Amino acid sequence: MKYSSFFIPSLKEDPKEAVLKSHKLLLRAGYVRQLAGGIYTYLPLGLKSLRKLEDIIRQEMNSTGAVELSMPFVQPLDLWKESGRDEDYGKELLRFKDRQDRDFCLAPTYEEVITDLVKKNVKSYKELPLTLYQIHLKFRDEMRPRFGLMRAKEFIMKDAYSFDADEAGLDESYRKMKRAYENIFNRLGFNFKFIKAEAGEIGGNYSEELMVFSEYGEDTIVICENCGYAASTSEADSISDYHGPLESCRQPRMTKLFTPDKKSVEEVGEYLKVDKVCFAKTLIYETESGFIAAMVRGDREINERKLKKAAGIKNLFLAKERDVEKITGAPCGFAGPFGLNSLNLIIIDEEINNSEYWITGANEKDAHMANVKPGRDFIPDIVANIRTVQAGDKCVRCSGALSVKNAIELGHIFKLGEKYSSILNAKFLDEEGESRFFVMGCYGIGIGRTLQTLIEVFSDDNEINLPVSVSPFALAIVNLNVNDERITAVSEKIYGGLTTMGIDVIYDDRKLSAGIKLKDIDLIGIPFKIVVGNRTIKNNKYELNIKKDNTIETFDDLESLYKRIRELLS
RNA sequence: CGGGAUGUAGCGCAGUUGGUAGCGCACCUGCUUUGGGAGCAGGGGGUCGCAGGUUCAAAUCCUGUCAUCCCGACCA
């Protein structure tokens, strides 16, 4: 491909709408352009890269026996009403009407359509197991799309759906798919991990997320280097810590401390010169069944998901200031676990119960209470693990030190069981002639997000760096001076030679100064580069630049150059 | 949906107390250049996001609205 006839609108400066390195690079290198918030055009370069990524995924999917198809992006809303997800999905499901005034929606996912398809076309256990997949658009009307392709409203996904006769079959399909995912992400060179996850809107019995470690990931996950334990921060558990109480706090009754204008644990700790771990903080939450108080150690955060579960409630948010004042009789910042009005429940973290003599708020302006002892000074209704794991905590499995890392979710695999087949009444006949629901699984990979993550993880601030397998071109030839006949002759000879060899080459034949062309080629991320200029002619040697190692190899003749390239690309 | 920021040439930005809009890069023409974002000369390009209002006069002040981005909530 000649650069002059291709379309690569590269940008010299960072576009102001991008913050994330990978997002800036995608725009600067002419891979994508935004049309509206969360809606992108893939430019030729981005599309080439995307296709290569898709092919890797296709190969691995096909090798598990999965079969590709393509389902409609526009779907009748009736199907969603039937499954009940018309309501469940809420505003993320974009609805509209056709000219006949019939309701339709843009597909945020395809469980309904695939289940309907299989229901109508698969009748016997003899046709199972069956795994179907597709690679194409989904649309979710996100409240806040951001970071380029990382969280877009319209995005490309690989989604696969398995159909089995029973649970054992599902387990096998799931296992195969998980292995395919491992192959895919290993081929891409990612450092990743599967973690157990909440099933969310898709639902089902069991699911795992494929997380790739990256500083800028939107998710935080907890991992144990020692035993391999990994879980999302919202799920992770750690062994309760025990901090012995301060000697000075070991008193037979509570003692009031004067803490003028000191509200946060931070402020009070500094004022009293006491470590944050000696505090127990009390937070008031509003729930569907009234107000509750929750306590964790001063240096910790409450895990609201765990709190909901332990308290048996669904909705939870921090009480408004005015309500806190009503309940505690003091301004925000001085809440303690005793003498609380109109409160339904006090739930405390295990760590609070394990130790004694805490410092808490005194429910009085400018005062805190020391020597507070659970069971003596207040009676908790529930003791449970309601804290968020933090770095340094002890692993629940092996007591090793846990660390907390940011990660990006690139894949999610689910055991759905009979969730959709039962709702949509999708059945087959088993060996005994009995009618049974299909046992399903579903498996997704965010493709655009994966492409951007490759760039995020492997590139530096000014140059995209992609593995050869997904780079838009394998090799670039840069003609430094198209006005020089000798240089052009050599460039074109190499271009012809490599093209004949079937190598995906981009040849920069533009009438521009050398610097611009070199910068552009480096920016767009081509792994190998042959520069042809005066030096080539003078020395009668060919130069091959290997981007990954930042090295240059020189060759006396084209044969040895071609041989080396063939070697590098194999 | 709450909080915040920004909308001026293709891109990045400046524009003071209100007085008829500018810089860099890019673009076009010509010549000279070509191993890391070239030089000289000439040139084109704007409904200052949009709609109202105040004023003799609005990019500038006021009101509304739309868009984009960030934080949060939400979702995965």
Side-chain angles (χ1 to χ4, degrees), chain A residues 9-20 23-24 27-28 30 33-40 85 88-93 108-109 138-148 150-153 155 157 159 195 197-204 207-211 217-219 221 232 234-235 304-305 315-318 320 407-414 442 444-446 448-449 462-463 478-488 491 508-523 529-539 541 543 545 552 554:
Chain A
S10 65
L11 306 170
K12 197 166 175 176
E13 297 179 78
D14 283 336
K16 65 174 170 182
E17 74 255 33
V19 179
L20 208 58
H23 187 195
K24 289 176 182 170
L27 293 165
R28 281 189 54 202
R33 283 293 182 270
Q34 177 170 284
L35 177 64
I39 300 177
Y40 288 84
R85 287 208 296 179
D88 294 348
Y89 237 95
K91 287 189 172 174
E92 300 222 330
L93 184 65
T109 178
K138 291 190 173 182
F139 191 96
R140 294 182 189 165
D141 197 358
E142 294 277 352
M143 271 176 186
R144 193 180 157 210
R146 60 188 132 169
F147 303 143
M150 287 294 188
R151 182 169 295 275
K153 291 167 93 168
F155 57 100
M157 200 160 178
D159 48 327
I195 65 169
E198 282 278 280
E201 219 43 79
I202 309 289
S207 88
E208 290 173 283
E209 290 170 326
L210 188 149
M211 308 297 295
E218 283 190 87
D219 305 87
I221 63 177
S232 77
S234 66
E235 296 250 338
E304 296 189 353
R305 214 188 59 78
N315 299 304
L316 186 76
F317 48 94
L318 277 173
K320 294 180 197 78
I408 301 167
E409 179 195 340
L410 295 186
H412 202 157
I413 55 180
F414 301 78
C442 88
I445 295 177
R449 188 185 272 196
N462 290 303
E463 298 181 15
V478 186
N479 178 339
L480 288 184
N481 185 356
V482 292
N483 295 321
D484 186 313
E485 287 169 17
R486 294 165 307 168
I487 293 175
T488 300
S491 300
D508 194 346
D509 58 333
R510 293 175 301 167
K511 288 179 181 162
L512 291 172
S513 69
I516 293 178
K517 298 208 269 193
L518 292 167
K519 288 279 187 200
D520 267 341
I521 288 297
D522 291 342
L523 170 64
K529 173 173 74 181
I530 295 170
V531 177
V532 185
N534 275 331
R535 212 156 74 197
T536 317
I537 306 299
K538 205 193 318 167
N539 302 341
K541 285 188 197 304
E543 295 169 26
N545 181 290
I552 295 175
T554 56

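Predicted, not measured: the structure shown is a model, and the values here were computed from it. Every chain is numbered from 1, with letters handed out A, B, ... down the list of sequences.
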Side chains of E142(A) and E92(A), heavy atoms from C-beta outward: is any pair under 4.5 Å? yes
Donor-acceptor contact below 3.5 Å, side chain R140(A) vs main chain P108(A): yes
Indicate, with a heavy-atom threshold strictly under 4.0 Å, whether E218(A) touches base, sugar-phosphate, or nothing. nothing
Please tell me if the side chains of D522(A) and K529(A) come closer than 4.5 Å, counting only heavy atoms from C-beta onward. yes
Roughly how many Å apart are G22(B) and G46(B), using the P atom of each and rounding to a whole number? 13 Å
Which part of the nucleic acid does G37(A) contact within heavy-atom distance under 4.0 Å: base, sugar-phosphate only, or nothing? sugar-phosphate
If you look at every strand shown and take non-hydrogen atoms under 4.0 Å, does I487(A) touch a base, only sugar-phosphate, or nothing? nothing
Nearest-Å distance once atom C1' is located in both A76(B) and A38(B): 50 Å
N479(A) side chain reached by I487(A) side chain, heavy atoms, under 4.5 Å: yes
Per atom distances to the L518(A) side chain, the nearest of G37(B), C70(B), G36(B) is G36(B)
Could you run down nucleotides 3-11 of chain B 5' to 3' and tag each one B, S or - for protein heavy-atom contact under 4.0 Å? ---S----B
Using the P atom in both, what is the distance from C50(B) to A9(B), to the nearest Å? 10 Å
Could you grab the distance from atom NZ of K12(A) to atom CD1 of I516(A), nearest 0.5 Å is fine? 6.5 Å
Can you sort out the partners of E463(A) under side chain to side chain donor-acceptor pair (under 3.5 Å), two or more places apart, ordered by chain and number? K547(A)
How long is the line joining CG of D88(A) and P of C74(B), in whole Å? 18 Å
Please state the C1' separation for the pair A26(B) and G45(B) - nearest whole angstrom. 12 Å
Could you work out the separation of C74(B) and U17(B) based on their C1' atoms and round it to a whole Å? 47 Å
Within the structure shown, what part of the strands sits under 4.0 Å from A36(A) by heavy-atom distance: base, sugar-phosphate, or nothing? sugar-phosphate
Under 4.0 Å between any heavy atoms, over every strand shown, what does R28(A) touch: base, sugar-phosphate, or nothing? Just pick one. base
Give me the distance, rounded to whole Å, that separates U8(B) from G15(B) when you measure between the C1' atoms they each carry. 9 Å
Between R449(A) and V532(A), name the one whose nearest nucleotide on RNA chain B is closer to the 5' end. V532(A)
R535(A) vs T554(A) side-chain heavy atoms within contact, under 4.5 Å: no
Nearest-angstrom distance from the residue atom CG of N479(A) to C1' of U33(B): 15 Å
Reckon E304(A) touches a base, only the sugar-phosphate, or nothing at all at heavy-atom distances under 4.0 Å? nothing
Would you classify V478(A) as touching base, sugar-phosphate or nothing, given that sugar-phosphate means primed atoms plus P, OP1 and OP2, and contacts are heavy atoms under 4.0 Å? nothing
Atom-pair distance (CD on E92(A); P on C75(B)), nearest Å: 8 Å
For E208(A) and A76(B), give me the distance from atom CD to atom C1', rounded to whole Å. 16 Å
Does S513(A) contact G36(B) through a side-chain donor or acceptor facing the base, at a distance under 3.5 Å? no
Hey, which of D520(A), L518(A), I530(A), V532(A) is the one that makes side-chain contact (heavy atoms from CB on, under 4.5 Å) with V478(A)? L518(A)
Side chain of K519(A) (C-beta onward), nearest among C71(B), G36(B), G35(B): G36(B)
When the P atoms of U68(B) and C25(B) are compared, how many Å lie between them, rounded to an integer? 31 Å
How close or far is atom P of U68(B) from atom CG of L27(A), stated in whole angstroms? 14 Å
Closest nucleotide among G36(B), G72(B), G35(B) to the R146(A) side chain: G72(B)
With the side chain of I516(A) defined as its heavy atoms from C-beta on, choose the nearest nucleotide among A38(B), A76(B), G72(B). A38(B)
For atom CZ of R33(A), decide whether the heavy atoms of other residues, nucleotides or ligands shown that lie under 6.0 angstrom number more than 12. yes
I'd like the P distance from U47(B) over to G39(B), given in whole Å. 30 Å
Looking at the side chain of R144(A), which of C69(B), C71(B), G37(B) is the nearest nucleotide? C71(B)
Select base, sugar-phosphate, or nothing to describe what F147(A) touches, counting heavy atoms under 4.0 Å on all strands. sugar-phosphate
Give a yes or no on whether the backbone of M150(A) and the side-chain of R449(A) come within a donor-acceptor separation of less than 3.5 Å. yes
To the nearest angstrom, how far is I195(A) atom CD1 from A76(B) atom P? 14 Å
Polar side-chain contact R140(A)-C75(B) base: donor and acceptor under 3.5 Å: no
Closest to side chain of Q34(A), choosing from G36(B), C71(B), U68(B): U68(B)
Could you check R151(A) against K517(A) and say which one's nearest nucleotide on RNA chain B is further toward the 5' end? K517(A)
Going through the checks in order, is the salt bridge (charged side-chain N to carboxylate O under 4.0 Å, His left out) test met by K91(A) and D141(A)? CA-CA 7 Å; K91(A) 287 189 172 174; D141(A) 197 358; over 6 Å; no
Flag, side chain of T488(A) to backbone of V482(A), donor-acceptor distance under 3.5 Å: yes
Shortest side-chain distance from K12(A), nucleotide among A76(B), C25(B), C75(B): C25(B)
Whole angstroms only, please: what is the CG-P distance between D520(A) and A38(B)? 11 Å
D219(A) side chain, from C-beta outward: closest of G35(B), A73(B), A76(B): A76(B)
Out of curiosity, K138(A) NZ to D159(A) CG, how far, rounded to the nearest 0.5 Å? 4.0 Å
Please classify the nucleic acid contact of K24(A) as base, sugar-phosphate, or nothing, using heavy-atom distances under 4.0 Å. nothing
Reading RNA chain B 5' to 3', what string of ( ), [ ], | and . shows its pairs, if Watson-Crick and G-U wobble pairs count only when both distances fall under 3.5 Å? (((((((..((((.....[..)))).((((((.....)))))).....(((((..]....))))))))))))....
Nearest-Å distance for atom pair CD/P, residues E463(A) and G37(B): 14 Å
